[in-house]
Structure formats: structure tokens, C-alpha cells
Number of protein chains: 2
Amino acid sequence: MSKSVGKTSTVEAEASTKREQILTAASRVFLTQGYRGTSMEMVAKESGAGRQTVYNQFASKKALFDDTLALLWEKMSVDRIVSRTGSDRSPEEALLEIGNAIADFWVPENTVAFLRMVIAESIHFPELADSFFTFGQGAARRAVTEYLSMLRETRALEVLDPELAAAQFIGLVNEPLLSSRVVDGGKAPSTVRRRRVVHEAVRTFLARYGTDKHSASPRHGSEPRR
Amino acid sequence: MSKSVGKTSTVEAEASTKREQILTAASRVFLTQGYRGTSMEMVAKESGAGRQTVYNQFASKKALFDDTLALLWEKMSVDRIVSRTGSDRSPEEALLEIGNAIADFWVPENTVAFLRMVIAESIHFPELADSFFTFGQGAARRAVTEYLSMLRETRALEVLDPELAAAQFIGLVNEPLLSSRVVDGGKAPSTVRRRRVVHEAVRTFLARYGTDKHSASPRHGSEPRR
DNA sequence: AGAGCATTGTACTGTACAGTCTAGTCCAGA
DNA sequence: TCTGGACTAGACTGTACAGTACAATGCTCT
């Protein structure tokens, strides 16, 4: 509030604001314990602040939760996936890039924990699920759909139903990499593994939808270097 | 306990045992509200029984939860998916059957609610996630993997990595049908939609892994009848 | 040093809930 | 009609927690 160089301003380095300390602590606790499993006491302890300070910064538990989600959401940015769809490369290269963006998106443990939490709390906070679907999953799907539609019009691919094809492509990438991590607490796949899965996803996808037979080698050509 | 025709035995028809009444009520409440969101009071109300009776039948809330899960689990039976993998039909027909079994598995609202709940409670009850992964998702994946391995050995398909291919196939089916339902509360897809998605999944899969070019029609052949 | 403000710990209120206890009710079978 | 066992309702205990009130303790800037 203080207009000039507020009290806690060590040039805002390191520990940043108390508020942010609390927020990052809250994100840790909420992500591991869920909404109902988290008490204000726990957040206070985790952040090193007093419980009263937490209430000083956030009107209620729900308010803290909302702001925490906003912070997490901000850090994720689906944009990295969406932006890859504008490229002017060959379909194969572009799909590799999009696929890698999708695969990399889920690498940080927090991202998976976030998904888990969205699913868990979607019953009690439907708007959370809505926004996730609209801006997350849905956005990615729409971007891929649009990209495929474009490729259809330029006859670069033979896609009859771009929406379904987009879902297929995402499924080819996500199912091998993600599904076990959501339900079980599996470890994030290595870079090599991710690259390989994406490579295979693109190969399979193009085997079906490619016009010029991209799958250059009739048998099983270029494995990505192990 | 009573050796002969116990008291509540209207030939055990209709309302069945009090215990079962409570269990089915509990499954409704747990599935919609989650573990922490469910109180013994709610279960009692929902089942029409007194709270004390609930405690009479189940030692604790956790015990009730476990038994409820066992009941739900029993009703689901992944066997329907696994058993389809033994067929002696052509790969195309077999894959269609397996794919349809997977797609149909998720039709009942309860199945999706169950998955949602497993994800939600997996933090607090890791053994729940474990058993789900082992006997549910994992079992299906293993069955498909084995089937593909077999096809590889008989040279019916050109599958280098049956495990990855199995995950791909499941992803081709599940992502278009399931992912939006888990996070959002979307409605179950129609039979027509399911058949179509599975058909497309098989087409894509075989375009990549088929030996004789199954995708008989070079362009886009047999659409399933709309 | 002193004023002002954020921070903090502690205590308090109200609520929700698991789990127990008890007294009363209903029903079957003798 | 009597007896025994299950069912029910209500009161009660103990705990956990959201949210508030308040008094004490710093820190910063002047």
C-alpha cells in the first residue's frame, strides 16, 4: 500500500511479499491435501506466518483457494501448446512440436497434482472444472482441431473429422504418458521416453491421415535415438 | 447368523438386507460427495435407516467406505474388456470388439464417478489407487498388450512395442469419449458416437500397424452407418 | 526515542461430525 | 401374551476446524 519503497522491499527479491509466501505455501498444501484436507492452520504453519496474517491477506479459505488456483493456473499457461499450432513447418514437424509441447506440459509434478485436484474438487466447485475445461484441456483441443482443419483445407492431410482426429492425437500422446500418473502417483517420464512416445504418436497419426506417405520407411524406420 | 430362515427373509427379495440397503445408499452418497463430503448421518438418511443401525452393520466410516468400494468394484468387472482379447477373429474384428468393450465400460455414470473418486481420494487412501491401477486400468492395458504381442508373433500385425501400442489404442478410444466426462460432468456419449469413435480408433491403429493394408479403401472407405 | 502499522499467538465462538450410550419401539416366534 | 433381538431416535463426548477478537511484539520511517 505504501506508495514508495514499502517496508518488506529488499528490492522484492528472495522471500517476496508475505502474501506470496502464503500463496506458494497454500499451493503446496492444497495440491497435496485437497481443499477439505487443508486447514488454515496448515497453510499458516507451512508459510511460516501466523494464522491471523493469513486472514489478514485473504478474506476466507475459499478466497485463498481461488487466489491460489489463479497463481497455479498462471504458471501453467496452455499457451505453449496452443502457440505451436501456428507454425509453417511440414505437418510432421509441426505435429512433433505440438506433441512435445503437450507431453512436456505434464512434466512438472504440480501440473498433474493440479489436474488431480480439479477432478477431486469439481463436484463441490463446478466452476473450477468449467474453467479448466474451457481454458485448459478444451483450449488445447480446439487449437489442435483448428490446425488440422487448416491442414485439411490445404490438402496437406486427409482429415475428415478434425475434432475427432485432434482428440485421437492428444490421446496418442497422453494415454501412454499421463494416465498412470493421475490415478497412481507415478513418476514423470524421462525426456527420452517423452520424445519417443510423441514420435510414435505422430507416426501413427500420419499413417492414417498423411497424404504423401510420410512413414517413409515401409517397415519401421527412424527410431529416435535412444 | 440364525441358521434357518432368518427374520428379514421375505425370501430375500425386494429391499434385500438392511445391510445392502445401507451399502447402495452409501455408494450413491460417496460417489457424489466423496469420502470427506459424506457424513454417516447422510448415509443413514439416504438409506432410510437410523444412524445407529449403520454403526451396527459397519464398524466405522472407513469400514463402510471399504465395503462400498468392494460392492461398486464388483459391479464393474473389467473382465468384460479382458475376456474380449481371447477371440480368434481377424485383428480388425477383435480390435473393434475390444475397443467397444472399453468404450461401453465407461457408459454408466457410476463408472466415471468411481474413477473420479479414486483420483480424488488417492491421496488419502493410496491403497485404493493401487488396487484400481492393478485390477482396473492396468489389467485392461496388460490384456491388450498381451493380445498385441500374440499378433506380433503370428505376424498378423507389425507391432514393435506392444505395450506402447496398447496404450496408444486405449488412448485413441478413451480420449475422445472419456476425458471431458471426468473433468467436466459431461453426458455419456451415445451408442452411435461410441461405435464411430471405436471404428476410427481401429482404422487409425491399423493404418499404422496393419500388415495387409486393412484400410481397404485407399481414401476413406466404410464409414459406420450414421 | 516514539508513532504507526503489520505480524503474531492465544483465546474464544459456533459448527460439523465421528463415535458411544441408552431408552424406547417394533416384530417374530413360542 | 411374553421374550429376545434388531431397529430407531435422541442425547452426549470429544475433536477438528473456520472465523473473530484482542493484546503483545516487533519493524520502519521520522
Side-chain angles (χ1 to χ4, degrees), chain A residues 1-26 29-30 32-69 121 123-125, chain B residues 1-26 29-30 32-69 121 123-125:
Chain A
M1 306 304 173
S2 50
K3 180 219 184 101
S4 58
V5 239
K7 58 278 121 155
T8 333
S9 72
T10 328
V11 199
E12 78 174 315
E14 50 163 47
S16 64
T17 331
K18 204 95 210 172
R19 182 185 179 87
E20 288 170 48
Q21 277 178 45
I22 295 172
L23 273 176
T24 60
V29 184
F30 277 131
T32 56
Q33 306 296 322
Y35 182 78
R36 297 179 100 107
T38 298
S39 72
M40 296 301 259
E41 180 75 36
M42 291 161 78
V43 174
K45 271 274 171 57
E46 178 81 16
S47 70
R51 203 166 72 259
Q52 201 43 240
T53 309
V54 177
Y55 276 106
N56 202 14
Q57 295 286 344
F58 304 93
S60 68
K61 187 182 176 181
K62 183 67 193 331
L64 171 61
F65 186 61
D66 288 343
D67 285 11
T68 304
L69 288 179
E121 309 298 346
I123 299 165
H124 300 282
F125 306 119
Chain B
M1 304 301 177
S2 50
K3 178 219 185 100
S4 57
V5 239
K7 56 283 122 153
T8 334
S9 71
T10 329
V11 198
E12 77 173 316
E14 49 162 48
S16 65
T17 332
K18 204 93 210 173
R19 184 186 176 85
E20 289 171 47
Q21 278 178 43
I22 295 172
L23 273 176
T24 60
V29 184
F30 277 131
T32 55
Q33 306 296 322
Y35 182 77
R36 296 180 101 108
T38 298
S39 73
M40 296 302 258
E41 180 75 36
M42 292 162 78
V43 174
K45 271 274 170 58
E46 178 81 16
S47 70
R51 202 167 71 258
Q52 200 41 241
T53 309
V54 178
Y55 276 105
N56 203 14
Q57 295 286 345
F58 304 93
S60 67
K61 186 181 177 181
K62 182 69 192 331
L64 172 61
F65 186 61
D66 288 342
D67 285 11
T68 304
L69 288 179
E121 310 297 347
I123 299 165
H124 300 281
F125 306 119

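Each chain gets a letter, A, B and so on, in the order its sequence line appears, and its residues count up from 1.
- Listed by chain and residue number, nothing satisfies the salt bridge (Lys or Arg N to Asp or Glu O under 4.0 Å) test with B/Arg36 (two or more places apart in sequence, or in another chain).
- Counting heavy atoms from C-beta outward, B/Leu69 and B/Phe30 have side chains that stay 4.5 Å or more apart.
- At D/dT8, one or more side-chain N or O atoms of B/Lys18 fall inside 4.0 Å of OP1 or OP2 (strictly under the cut-off).
- B/Glu121 meets the salt bridge (Lys or Arg N to Asp or Glu O under 4.0 Å) test with no other residue; sequence neighbours excluded.
- When the local axes at the two ends of the helix from C/dA1-D/dT30 to C/dA30-D/dT1 are compared, using 5 base pairs at each end, they differ in direction by 10° after rounding to 10°.
- Taking atom CD1 of B/Ile22 as the reference point, atom C1' of D/dT8 lies 12 Å away to the nearest angstrom.
- Here A/Gln57 reaches the OP1 or OP2 of C/dT7: one of its side-chain N or O atoms lies under 4.0 Å away.
- The ring pair (Phe, Tyr, Trp, His ring centres under 6.0 Å) search around A/Phe125 returns A/Tyr35, A/Phe65, not counting sequence neighbours.
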Check your understanding: What do the steps show when you test A/Thr24 against A/Thr68 for side chain to side chain contact (heavy atoms under 4.5 Å, CB included), and what is the final call?
Key -> CA-CA 8 Å; A/Thr24 60; A/Thr68 304; over 6 Å; no
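- For the contact set between residues 44-56 of chain A and DNA chain D, defined by any heavy atom under 4.0 Å, the members are A/Arg51, A/Gln52, A/Tyr55.
- Judged as a salt bridge (charged side-chain N to carboxylate O under 4.0 Å, His left out), the pairs with a partner in residues 54-65 of chain B (not counting sequence neighbours) are, in order, B/Lys62-B/Asp66, B/Lys62-B/Glu127.
- Applying the ring pair (Phe, Tyr, Trp, His ring centres under 6.0 Å) test to B/Tyr55 and every residue at least two apart in sequence or in another chain returns nothing.
- Distance B/Gln21 CD to D/dA6 P: 16 Å, rounded to the nearest Å.
- Interface residues of residues 33-43 of chain B facing DNA chain D, ordered by number: none; criterion, heavy-atom separation under 4.0 Å.
- Within the 4.5 Å cutoff, no side-chain heavy atoms of B/Gln57 are placed close to those of B/Asp67.
- Legend: residues meeting side chain to side chain contact (heavy atoms under 4.5 Å, CB included) with B/Thr32, ordered by chain and number and at least two apart, are absent.
- Evaluation of the side chain to side chain contact (heavy atoms under 4.5 Å, CB included) rule for A/Ala49 yields A/Lys18, A/Ile22, A/Ser47, A/Thr53 as partners, not counting sequence neighbours.
- Rounded to a whole Å, the CG atom of B/Leu64 is 12 Å from the C1' atom of C/dA18.
- Taking A/Gln52 as the reference, nothing meets the side chain to side chain donor-acceptor pair (under 3.5 Å) condition, with sequence neighbours excluded.
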